[in-house]
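The residues of the chain are indexed from 1 along the displayed sequence. Whatever order the structure lists them in is the order used to number ligands and atoms, beginning at 1.
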Amino acid sequence: MDRLTLKLAAEALLRANDRQGCTVPAPALYPHQWNWDSAFCAIGWAYIDPRRAARELEMLLRGQWENGMIPHILFNPEATHYEPNPKVWQIDQAPGRPQAIATSSITQPPVLATAARFVLERSGGDRTVEEILRRVVVAADAWHAWFLRERDPLQQGLPAIVHPWESGLDNAPRWDAALARIDPGEVTYTRKDNAVVSSEQRPTRFDYDRYFFLVAERAKLSFAPPTPSRVSFLVQDLAIASILCRAEEDLHALARALGLEVPHALERRAKLAAGIASLYDTTRGYYHDHDLVGDAPITVEHASGFLPLFAGVVPLETVPRLVARLKDPNKFGTAWPVPSAPADDPQFDPRRYWRGPSWINVNWMIIEGLRRASWRDDAAKLTDRTLDLVSRSGFREYFEPNTGEGLGAENFSWTAALVLDLLA
Ligand code: 9WN
């Protein structure tokens, strides 16, 4: 596909996946509204129709809980081909849940404010867009505050996740040891994903047993803020910290541009930046996560380790070390970039979801991070290679990093949306 055909096809895909203002990630596999997917989609929509882009973000606000959390899934009652379905989340008794829409009880990486700033900057002063984004500022401010109020039990500027699904990078090897500690017992559940995508490309039964166990645990604990002694899984997630840190900066800029105040955004950003700095391992030369239940660093490497670049918090002297890992053929320098796990990791599985395949949203955040760090040539090369990958294999969910083969769902929305930005 040449670049113009790619652009037209990406636009057509977003239109085809539009469900009255929200873009489903992939109609056959994911028929609801997902949190960070919508933010990435808004970035693509900004090139087609900024009002539609703003609407995508506004649709996410329908799911906000009273405590500020914006959940990872907002359910479409007409779609029944995804599990877990709304009942499994048992949120009917949850304090402060939204009344008008069923949602999951967990969150996802907060890309919302970053996407909103992006949309504003491409909206040409459109009043309707500005009006919607003012509401987004208020909602994002409450959500960001929630992360540091309810999800940072040790007050270290490091938000913790209670479920691998919250990371958005679900079955990344970095969660294996923390999950292995959990004995889920007999969990009964239905899976529908394996009917759409080959099971060798999806999380395993080991993962799903624990995913469903942890969903039930949230309800059992009345959705209370987690502490390491009360929950089975609680991990300080470097990627969330990085994305949130970046989002605070974007929220601050967005609010100012709209004549609003978000007095705590930069303060929160500083706390997060300090938290992220504490996760850099000078001996190994990369950033990592921290397991709060096991009280130990998680030294398993992952592409998420580059996201402090996206936050713009990597010290100048550390950037070359990260870039060297990105280019090393034994680590992240595979034929088709960027593998989610390093090629020399014993857990590296080039066809299985977040354990090896390349994902376009991760590439996009790394490209943005490299640009920020003024590594323009590498950012440009990664952009070209990413576009070549999609031109060759289509708008797939993820890609085999050695062969470039498209894997996972077809017609995947954020792949199309972010291609529109990479082409611009
Ligand atoms: C669970 C929708 C979502 C993405 C996640 C991706 C995948 C869901 C699943 O799909 O997760 O949330 O059922 O596997 O891992 O990042 O938001 O595209």
Polar contacts were defined as any N/O atom of the residue lying under 3.5 Å from an N/O atom of the ligand; does this apply to Q108 and ligand 1? yes

Examine Y211 together with H163 and report whether their ring centres are nearer than 6.0 Å. yes

Any atom of ligand 1 sitting under 4.0 Å from a heavy atom of D170? yes

Could you list which atoms of ligand 1 come closer than 4.0 Å to a heavy atom of P25? 2 (C), 18 (O)

Numbered in order shown, the ligand 1 atoms found under 4.0 Å of a heavy atom of F412 are 18 (O)

I'd like to check whether G168 has a polar contact with ligand 1, where a contact means an N/O of the residue lying under 3.5 Å from an N/O of the ligand. yes

Ring pair (Phe, Tyr, Trp, His ring centres under 6.0 Å) between W65 and W146, intermediate numbers included: CA-CA 10 Å; W65 288 35; W146 170 85; 9.1 Å; no

For the residue pair N411 and P27, what are the closest heavy atoms and their distance? O-CD, 4.1 Å

Which is closest to atom 1 (C) of ligand 1 in terms of heavy atoms, W36, Y82, F40? Y82

Shortest protein contact, atom 10 (O) of ligand 1 (heavy atom only): Y30 CZ, 3.2 Å

Give, for atom CD1 of I106 and atom CG of L214, the distance between the pair rounded to the nearest 0.5 Å. 9.0 Å

Check each of Y353, Y398, W165 against atom 7 (C) of ligand 1 and report the one with the nearest heavy atom. Y353

Please identify which atoms of ligand 1 are closer than 4.0 Å to at least one heavy atom of H72. 12 (O)

What is the closest protein heavy atom to atom 12 (O) of ligand 1, and at what distance does it sit? W34 NE1, 3.0 Å

Please determine whether ring pair (Phe, Tyr, Trp, His ring centres under 6.0 Å) holds for the pair Y353 and W359, giving the CA-CA distance in whole Å, both sets of side-chain angles, and the decisive distance to 0.1 Å. CA-CA 9 Å; Y353 220 38; W359 289 73; 5.6 Å; yes

Shortest protein contact, atom 17 (O) of ligand 1 (heavy atom only): D37 OD1, 2.6 Å

If the plane angle is over 60° it's perpendicular, under 30° parallel, otherwise tilted; pick one for F147 and W143. tilted

The atoms of ligand 1 lying under 4.0 Å from a heavy atom of R202, numbered in the order shown, are 9 (C), 13 (O), 14 (O)

Before we go on, tell me: are the rings of F332 and F306 under 6.0 Å apart, centre to centre? yes

Would you say the rings of F40 and W34 are close, in the sense that their centroids are separated by under 6.0 Å? no

